[in-house]
Amino acid sequence: MRLPAFSQRMLLLSIGTGSTHARVLAVSSGRKREGGAALERSCRALEQTAAMPVQLLKIVKGKLETQLPSHLQREELKHLQIGLDHTNKYFQGIVILSYPLTKLGDGTDFFKIVLQDDTCSRINSLNVLIYGKMAEDCAKLIRNGDTFVVAGFKVAESPTAKEDGRHACHLQVSEEAGSAIYICTQPSITPFSETTSASVAPKYVYTPLNCLKDGTVVNLYGIVKFFKPPYVSKGTDYCSVVTLVDQSNVKLTCTLFNGNLDSLPKIYKNGDIVRFHRVKIREYNGQMQGITSAGFASLTFDGTVGAPVVPRASSKVYTFIDEEQKTVEELRIWAASNLSVSGPEAKLSDVKPMMFFDLTCQLVGKAKVDGSSFLLKIWDGTKCPYPTWKVPVEAKELEGDKVLLHHLRNLAVDVLVYDNHVQLAKSLKIGSFLRIYSIHTKQASAKNEDISSHIEFHLHGGTCYGRGIGILPENNPDVEELKTFLECVELTDSQNMESTSSLELGDTFDNDTDLESPLQRCQQLSATVLTDHQDMSNTMLKTVLNSRAPQQYRIRAKLRSFKPQKLYQSVKLHCSKCNTLQEVPNGDAFDFILQGCEATAPNPELQSMSWYESVMWTTQDENRRKITIHFVKHYEMLQRPENTLLMIEGGTLKEIWKLTRRFKCVIPVKSKEDDLELLDLSAPFLLQGNIKYYGCKKCSTPKSIKNLSSLAEKREPSWEPTEIAQVLGIEPLQYVFVMKFTLVDGTGALNAYLFDYEKFFQIPASEILTNSFLQQKMEMTMNTLSPPGRKLDDLPWLECFIKSYNIADGTKHQVYYQIFDTTVAEDVV
DNA sequence: TTAGGCTTTG
């Protein structure tokens with residue numbers, strides 16, 4: 001056995017009362033000062049929990065007084081085969097993984113561990129299935145890193161070998177089969193710290209939800225299927241109701257109380273995963289129910305497959321060990337294919353007159369309305385497509401930054417909260433990020449014909465449907481996403497969010513002077529400005545039209561019309577190498593390619609290579625799709641999701657979009673014999689945020705996907721699409737606006753082409769198709785440059801640079817014009 | 001003690 005040379009003690013446990021040949025032998029070691037006490041605690045804990053005889057044995061200079069029975073010989077991993085005689089053999093390995101203790105259908109305890117062969121430098125692992133009393137005992141004792149020795153095992157074919165890539169056989173171990181287990185525990189690394197005293201405390205046992213008994217206090221893991229965010233109860237405490245489900249498919253509703261909001265689980269979404277310690281189980285109305293008992297503690301985890309396993313704790317001190325991380329990951333994978341947890345989330349821009357939804361937003365103002373209702377002014381950066389209700393409140397009651405509230409007056413909406421939510425609403429801090437659950441939108445019919453009907457936002461009293469208000473921390477991924485979005489919105493003047501033709505009217509609704517009124521903007525100023533060549537003088541269009549190409553001009557003209565009128569028709573993909581333009585493929589084409597890939601099974605040989613870690617699972621629907629995600633590592637470590645590049649095999653369009661919301665980069669791939677490869681180039685080679693990046697079919701020469709590892713080795717991989725394209729041998733296509741402007745200046749009219757990646761509109765062409773905010777901005781810009789239904793005299797002037805050039809079209813030459821070095825004025829965008 | 005979700009509406 002592998003034992004450290006310094007002071008060690010050994011603990012011998014004979015288990016299975018009456019059984020002489022089935023034994024668990026645990027060897028514990030520790031530093032001199034601490035070893036004795038820790039061991040004593042362990043022994044006492046074991047005596048209490050298992051009522052087993054405990055015997056302390058002394059080890060001198062790393063040698064065990066008690067050796068393994070002399071007839072036993074070590075068996076190598078490669079010699080484990082079905083049908084061979086392993087009677088006098090033992091197998092030894094390091095525990096690299098252990099699963100939660102569960103019960104089989106017949107009530108037998110079952111415990112599964114994974115051993116790694118410690119004689120071989122190559123990773124070689126084997127599943128060991130332990131049944132009955134031995135399972136229970138091992139679950140209490142075993143930690144990752146322990147040396148595990150087993151004799152008297154049965155060798156059987158491993159049904160999961162194909163999936164987990166471990167040894168083709170597994171070992172079956174039980175008292176009944178006459179097995180013997182010897183465990184050598186790993187010495188503690190930090191003997192005096194809090195974690196160590198926790199690690200020698202009795203190991204927590206987690207009860208599956210189908211094994212709960214009335215009157216017990218248990219520890220649980222579960223996926224949140226439903227929850228009510230903490231609300232003020234009628235007693236002295238906050239209350240939160242949480243319904244969990246686990247792999248047994250049994251549900252448990254827990255009612256949790258605490259006077260301190262932070263001591264309740266920090267659940268933000270259905271699908272989050274929780275670990276509860278010390279929940280009391282009671283029977284209520286014929287069903288099991290969980291309730292807080294003394295010392296209740298919880299950890300909550302994001303339920304997204306592949307997201308970092310970072311607990312949100314309800315107490316300052318908690319234990320969390322590697323194998324628990326595995327439990328969380330397994331629950332995530334189970335949930336991904338067995339549960340549908342898509343919530344009724346929506347943005348303000350998605351609202352309809354009659355709906356209930358969850359809104360993630362920032363609080364910008366609040367006010368007392370009356371005894372039973374309270375006003376929250378919130379925004380999420382998007383614009384509600386309907387006029388919204390403004391709740392009348394006394395000015396002195398309104399809390400919040402007045403200038404900001406004025407700025408956001410067209411984006412912020414009033415939410416009226418009622419009854420039990422008032423107290424919590426009052427305590428909210430301006431600027432905090434909230435998720436308001438089950439907000440109701442209601443269309444108010446116009447009583448007066450002069451006032452158009454508007455939409456009202458209500459958070460009704462009561463807590464059914466999980467109605468309530470949750471306070472999200474700044475580091476919540478949804479909050480981080482929202483903050484980034486809000487910053488973009490704030491960069492632009494929200495004046496322009498108005499859909500009025502502001503050039504002529506100004507703002508009739510307020511008299512504030514701290515913001516520039518559109519009237520103050522001189523209409524004679526150009527709606528576009530030049531970014532260079534300021535010293536050039538203007539040329540009349542008549543002169544331009546009568547001159548030879550190629551030349552460059554500065555002109556002052558009005559935009560009489562433009563084409564195409566439909567935004568999506570103006571966005572194209574351009575290859576700067578072969579200079580061709582093509583249409584942006586629609587989502588169906590991508591979906592079709594993905595469906596075509598479903599037939600290609602992921603190659604197990606390509607799972608978890610040195611530079612990426614893979615997770616594979618099978619969907620539970622009739623298609624039994626195999627999905628594999630390969631997370632690219634950085635210095636052998638997984639990164640935070642927002643910095644992570646992943647490759648996916650077998651995902652649907654929807655699944656891929658979902659991943660792009662959490663992870664920096666997503667690359668759809670498929671397996672071939674010896675490597676992963678990109679899909680057909682009609683599909684995007686990369687998805688980042690909302691943007692699909694395509695490669696030019698003509699100019700690309702795809703290279704091995706392994707080249708990505710060179711980018712991952714950089715100090716801080718930026719995952720720039722151009723760099724990714726380069727290492728993958730892809731010639732990237734760029735999104736570009738292509739439009740035809742008909743310009744007039746009273747002396748003549750000419751058509752000038754706009755070919756713009758970003759500069760002219762100050763809107764990236766790559767983002768506009770998937771960003772409704774940018775679409776609104778674009779629409780407003782075009783409405784300003786060329787207001788529909790307006791006479792020529794009323795149109796704004798545009799200052800532009802244009803260049804003329806010749807195109808030989810068959811036999812005739814034609815002169816074309818293109819706009820350059822021009823941008824829309826800052827007060828227009 | 002409180003709430004015990006399976007349903008919402010000023």
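All chains are named by letter (A, B, ...) in the order of the sequence lines, taking the proteins before the strands, and each is independently numbered beginning at 1.
Nucleotides B:dT9 and B:dG4 are separated by 15 Å at their P atoms, to the nearest Å. The C1' atoms of B:dA3 and B:dT7 are separated by 15 Å, rounded to the nearest whole Å.
Under 4.0 angstrom from either OP1 or OP2 of B:dG4 there lies at least one side-chain N or O belonging to A:Lys228.
With B:dT8, B:dT1, B:dA3 as the choices, the nucleotide that has an atom nearest any side-chain atom of A:Thr236 turns out to be B:dT1. For A:Cys464, taking side-chain heavy atoms from C-beta onward, the closest of the listed nucleotides B:dT7, B:dG10, B:dG4 is B:dT7. In the set B:dT8, B:dT1, B:dG4, B:dG4 carries the atom at the smallest distance from any side-chain atom of A:Tyr231. The side chain of A:Tyr418 sits closest to B:dG10 out of B:dC6, B:dG10, B:dA3. Closest to the side chain of A:Asp419, out of B:dT7, B:dG5, B:dG10, is B:dG10. Side-chain atoms of A:Lys442 lie closest to B:dG10 of the nucleotides B:dT7, B:dG10, B:dT2. Distance from the side chain of A:Met354 is smallest to B:dT9 among B:dT8, B:dG10, B:dT9. For A:Gln289, the listed nucleotide lying nearest its side chain is B:dG4; candidates were B:dG5, B:dG10, B:dG4.
Within the nucleic acid shown, A:Ser373 has no heavy atom closer than 4.0 Å to any nucleic acid atom. Residue A:Ile291 is classed as a base contact, given a heavy-atom separation below 4.0 Å to a base. Within the nucleic acid shown, A:Gly461 comes within 4.0 Å of at least one base atom, counting heavy atoms only. Using a 4.0 Å heavy-atom cutoff across all strands shown, A:His458 reaches no nucleic acid atom at all.
Summarising the geometry of A:Leu348 relative to A:Leu411, their closest heavy-atom pair is CD1-O, 3.9 Å, with the distance given to 0.1 Å. Heavy-atom minimum distance, A:Leu299 versus A:Ala313: CD2-CB, 3.5 Å. Shortest non-hydrogen contact noted between A:Val309 and A:Arg332 is CG2-NH1, 3.7 Å.
Under 3.5 Å, the side chain of A:Thr463 and the base of B:dG5 form no donor-acceptor pair of N or O atoms. At a cut-off of 3.5 angstrom, the base of B:dG10 holds at least one donor-acceptor pair with the side chain of A:His460. Between the side chain of A:His440 and the base of B:dT8, no donor-acceptor pair of N or O atoms lies under 3.5 Å.
The aromatic rings of A:Tyr206 and A:Tyr204 sit tilted, their planes meeting at an angle between 30° and 60°.
Using a 5.5 Å limit on the distance between ring centres and a 30° limit on the angle between planes, the aromatic ring of A:Phe226 does not count as stacked on the six-membered base ring of B:dC6.
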